Amino acid sequence: MDHWLIKSEPDVFGIDHLKKAGREPWSGVRNYQARNFMKEMKIGDLALFYHSSTQPPGVAGIAKVVSKTYPDPTQFQKKSEYFDPKSTEEKPRWWLVDFEYVATFTDLVKLEALKADPFFNDMIVCKKGTRLSITPVEAAHFKRVCKLAGCKI
DNA sequence: GCCAACGTTGGC
DNA sequence: GCCAACGTTGGC
């Protein structure tokens with residue numbers, strides 16, 4: 001099983017939205033690197049749900065991959081803000097998976113806390129200038145974040 | 001294929 | 001609101 005970190009702005013779609021929805025297609029990723037990581041995801045993989053562009057930023061909970069990778073339907077929808085005229089149904093450019101709600105952390109594991117701990121030095125989200133919305137996470141890092149949150153997975 | 005200009009992300 | 005760090009676009 002692999003581990004990941006997925007970023008989302010809580011004002012747009014946060015962990016509470018996922019909890020309410022139960023399950024959500026992770027549409028709208030329009031970055032090739034992030035897309036490639038999503039293509040590597042397998043059913044059962046776990047992801048840290050990270051809140052970005054908020055005060056304070058940090059990991060808010062856990063989500064689980066519950067579908068295989070399939071074409072992002074919003075790329076074909078003309079009215080969607082994610083519409084991509086260069087994409088075709090025969091050769092879709094953008095792919096996604098569905099995430100299922102797993103848990104909300106009682107206390108947000110702040111980015112500040114991750115940066116303060118040398119154990120997380122290699123974690124991509126801690127590095128300067130990383131805007132990637134989907135990143136792989138080492139199992140040890142994943143476990144430690146859960147531990148900091150007092151969350152047993 | 002280079003690279004300047006532009007747009008976006010996201011912490012601060 | 002600022003701006004660093006990217007990614008993308010398009011002229012050449």
Side-chain angles (χ1 to χ4, degrees), chain A residues 2-21 24-41 45-65 69-99 101-138 140-151:
Chain A
D2 291 319
H3 298 83
W4 310 91
L5 181 142
I6 54 175
K7 283 186 195 171
S8 191
E9 298 183 24
D11 294 342
V12 181
F13 192 89
I15 191 80
D16 290 341
H17 295 94
L18 183 63
K19 184 175 186 177
K20 205 172 173 189
E24 183 76 9
W26 210 247
S27 60
V29 171
R30 294 294 179 269
N31 171 282
Y32 289 104
Q33 249 184 301
R35 178 206 65 183
N36 291 344
F37 284 134
M38 207 144 44
K39 275 189 166 179
E40 290 177 28
M41 290 182 184
D45 283 357
L46 293 176
L48 299 172
F49 196 113
Y50 180 89
H51 282 176
S52 64
S53 294
T54 187
Q55 203 43 245
V59 182
I62 309 281
K64 189 204 285 187
V65 177
T69 312
Y70 63 97
D72 182 342
T74 63
Q75 70 194 307
F76 307 123
Q77 296 162 5
K78 278 209 170 127
K79 285 181 183 165
S80 170
E81 59 174 314
Y82 300 122
F83 176 66
D84 186 345
K86 291 176 186 165
S87 188
T88 64
E89 306 238 7
E90 294 74 36
K91 271 201 152 185
R93 182 181 282 200
W94 306 110
W95 298 73
L96 53 68
V97 296
D98 289 357
F99 281 104
Y101 174 80
V102 175
T104 304
F105 292 160
T106 315
D107 295 306
L108 187 83
V109 178
K110 296 177 192 169
L111 176 62
E112 187 187 21
L114 298 181
K115 283 187 166 174
D117 187 341
F119 183 79
F120 294 112
N121 273 355
D122 294 335
M123 205 168 164
I124 298 170
V125 76
C126 291
K127 295 189 178 176
K128 205 179 159 191
T130 48
R131 308 177 313 173
L132 204 52
S133 61
I134 295 178
T135 59
V137 169
E138 289 173 28
H141 287 156
F142 187 94
K143 274 186 201 161
R144 181 84 161 249
V145 170
C146 292
K147 199 176 170 190
L148 287 176
C151 180

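The sequence lines fix the lettering, A, B, ..., with proteins before strands; numbering per chain opens at 1. The model shown is predicted, which means the values in this text are computed figures rather than measured ones.
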Could you tell me whether a side-chain N or O of A:Gln75 sits under 3.5 Å from a main-chain N or O of A:Arg93, the two making a donor and an acceptor?
yes
When you measure from the side chain of A:His3 to the backbone N and O of A:Lys143, does any donor-acceptor pair fall under 3.5 Å?
no
Separation of atom CD1 in A:Ile124 from atom C1' in B:dT9, rounded to whole Å
16 Å
Looking at A:Gln55, does any N or O in its side chain come under 4.0 Å of the phosphate oxygens OP1/OP2 on B:dG11?
no
Round to the nearest Å and state the distance from A:Glu9 atom CD to B:dG11 atom P.
9 Å
Within this structure, what is the NE2-to-P distance between A:His51 and B:dC12, rounded to whole angstrom?
17 Å
A:Leu5 CG to B:dT9 P, in whole Å, measures 17 Å
Rounded to whole Å, please give me the gap between CG in A:Leu132 and P in B:dG10.
9 Å
Send over the distance from A:Lys110 NZ to B:dG11 P, rounded to a whole Å.
14 Å
When you measure from the side chain of A:Arg144 to the backbone N and O of A:Phe120, does any donor-acceptor pair fall under 3.5 Å?
no
Under the side-chain hydrogen bond (donor to acceptor under 3.5 Å, both in side chains) rule, what do A:Arg30 and A:Thr74 come out as? Steps first, then yes or no, please.
CA-CA 11 Å; A:Arg30 294 294 179 269; A:Thr74 63; 3.1 Å; yes
Below 4.0 angstrom from OP1 or OP2 of B:dG11, is there any side-chain N or O of A:Tyr50?
yes
Among C:dT8, B:dG10, B:dC12, the one nearest A:Ser52 by side-chain distance:
B:dG10
What does A:Lys115 touch in the nucleic acid at a heavy-atom separation under 4.0 angstrom: a base, only the sugar-phosphate, or nothing?
sugar-phosphate
Just N and O in the side chain of A:Lys7: are any of them under 4.0 Å from OP1 or OP2 of B:dG10?
yes
Can you check whether A:Tyr32 and A:Trp94 have ring centres sitting under 6.0 Å from each other?
yes
What is the distance from CG of A:Leu111 to C1' of B:dT9, rounded to the nearest Å?
14 Å
Between C:dA5 and A:Lys128, is there an OP1 or OP2 to side-chain N/O distance shorter than 4.0 Å?
yes
Protein-nucleotide distance (A:Arg131, atom CZ; C:dC3, atom C1'), rounded to Å
12 Å
